[in-house]
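Because only heavy atoms are used, hydrogens play no part in the values below, and waters and symmetry mates are left out as well, while side chains stay in.
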Amino acid sequence: MSTDKLTPAPIVGGGINTGSFEQPVVVTQMLGIGPADPIREETLRARFLSFEPLFDSASKLSAYELVLRGRLAAADTDDALAQMDEDMLLTGLYSLVQDGLTGELPLLVRISPGVLFTDFPEQVNHPNIVWIVTVNSETTFARMLALRDAGLRFCPVLEQSDPIIEDSLEAWPFVMCPADRSPPPQPAGLRFIVAGVEQAATLARWPEDSWFKGSLFTGETLPREQDRELALRLDLLSVAMRQPLDTLINFFKLNPEMAPRLLGIANSPAGGLSRPADSAGH
């Protein structure tokens with residue numbers, strides 16, 4: 001196949017349009033692919049990068065987190081594999097930034113503390129990028145403050161007990177918290193990003209302006225006690241989808257907690273949307 005026939009569609013994700021090129025941009029040759037079959041940069045990004053959506057309490061799309069497709073669970077990775085995953089993710093991010101990030105939604109990118117002590121965050125800094133960091137020492141914290149003062153945006157991770165971050169909440173625009181902890185006091189200007197949300201009841205425990213991510217929105221895992229109720233609602237949804245549009249709209253008004261699942265499917269590659277939907281009504 002000649003290179004002039006390689007015309008994949010532009011990749012759109014997280015409000016990000018990497019654009020298209022008249023000529024293919026070759027960044028690598030993959031195993032089993034000969035010299036006559038270069039791989040376009042945006043094709044590689046589509047294979048290896050994914051944009052996990054974050055929603056507000058009204059199920060409106062609010063931001064994305066850049067992740068690797070098919071990455072291993074943290075418990076299953078050793079240091080070398082974790083380093084490889086991070087290198088692939090940051091290589092993809094660099095490619096995105098070089099092509100020009102567009103869109104209004106923030107893009108969260110998780111990095112290890114060691115990356116803060118390299119030139120990479122400043123080299124690829126962009127107004128949309130928010131760096132997620134688990135602060136493991138006062139040295140890391142001081143470096144993050146210095147980069148913040150240089151114009152970078154951060155989202156430190158607040159674990160169950162973390163006095164360094166708890167005492168500096170007013171310094172950050174975002175703080176990521178696990179869904180099973182109690183919400184800390186919220187200073188003005190801070191937005192909580194709540195990770196690991198599995199049940200709709202969790203949303204009510206956090207401030208209304210929080211953003212949320214977890215299986216409640218993606219449907220990846222469900223508590224057993226919810227399985228039967230969800231199955232019934234999915235059956236009702238399948239019936240509603242065969243009816244006029246007004247019936248479908250009423251279904252989501254009566255079952256608002258189903259809206260995040262609809263958005264998760266709609267904004268996935270299976271949804272086939274030309275641009276991300278930001279609400280169930282959309």
Minimum-distance pair of heavy atoms, taken over all atoms of R153 and P106: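 Answer, listing the atom of R153 first, then P106: NH2-CB, 4.3 Å.
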Heavy-atom closest pair, residues V135 and I165: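 Result for this residue pair: CG2-CD1, 3.7 Å.
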Is [Y] close to [X] at the side-chain level, that is, under 4.5 Å between some pair of heavy atoms?
X: V109; Y: V130; value: no
X: L61; Y: L54; value: no
X: W172; Y: R191; value: no
X: R110; Y: V157; value: yes
X: C177; Y: V175; value: yes
X: D209; Y: Q186; value: yes
X: S168; Y: F141; value: yes
X: I129; Y: V97; value: yes

Shared hydrophobic cluster, L152 / L89 (ILVMFWY, side-chain heavy atoms < 4.5 Å):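 As far as the 4.5 Å side-chain criterion goes, L89 and L152 are connected within one cluster.
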Hydrophobic cluster identity match, L203 and M176, side-chain contacts under 4.5 Å: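 Result: no, two separate clusters.
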Pairs under 3.5 angstrom only: tabulate donor-acceptor contacts from the side chains of residues 111-124 to other protein residues two or more places apart or in another chain.
unit_1	atom_1	unit_2	atom_2	d
S112	OG	E86	OE1	2.9
S112	OG	E86	OE2	3.1
T118	OG1	V115	O	2.7
T118	OG1	F120	N	3.3

Verdict with supporting geometry, T134 and T140, side chain to side chain contact (heavy atoms under 4.5 Å, CB included): CA-CA 9 Å; T134 299; T140 298; over 6 Å; no
Donor-acceptor pair between W206 and T202 side chains, under 3.5 angstrom: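 Short answer, no.
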Candidate pair W211 and F174, rule ring pair (Phe, Tyr, Trp, His ring centres under 6.0 Å), full reasoning: CA-CA 10 Å; W211 292 345; F174 306 98; 5.4 Å; yes
For E166, all residues meeting side-chain contact (heavy atoms from CB on, under 4.5 Å), sequence neighbours excluded: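 Testing E166 for side-chain contact (heavy atoms from CB on, under 4.5 Å), a comparison that skips the adjacent residues, returns L158, R181.
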Main-chain N/O of K60 paired with S62 side-chain donor or acceptor, under 3.5 Å: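 Looks like yes, one N/O pair under 3.5 Å.
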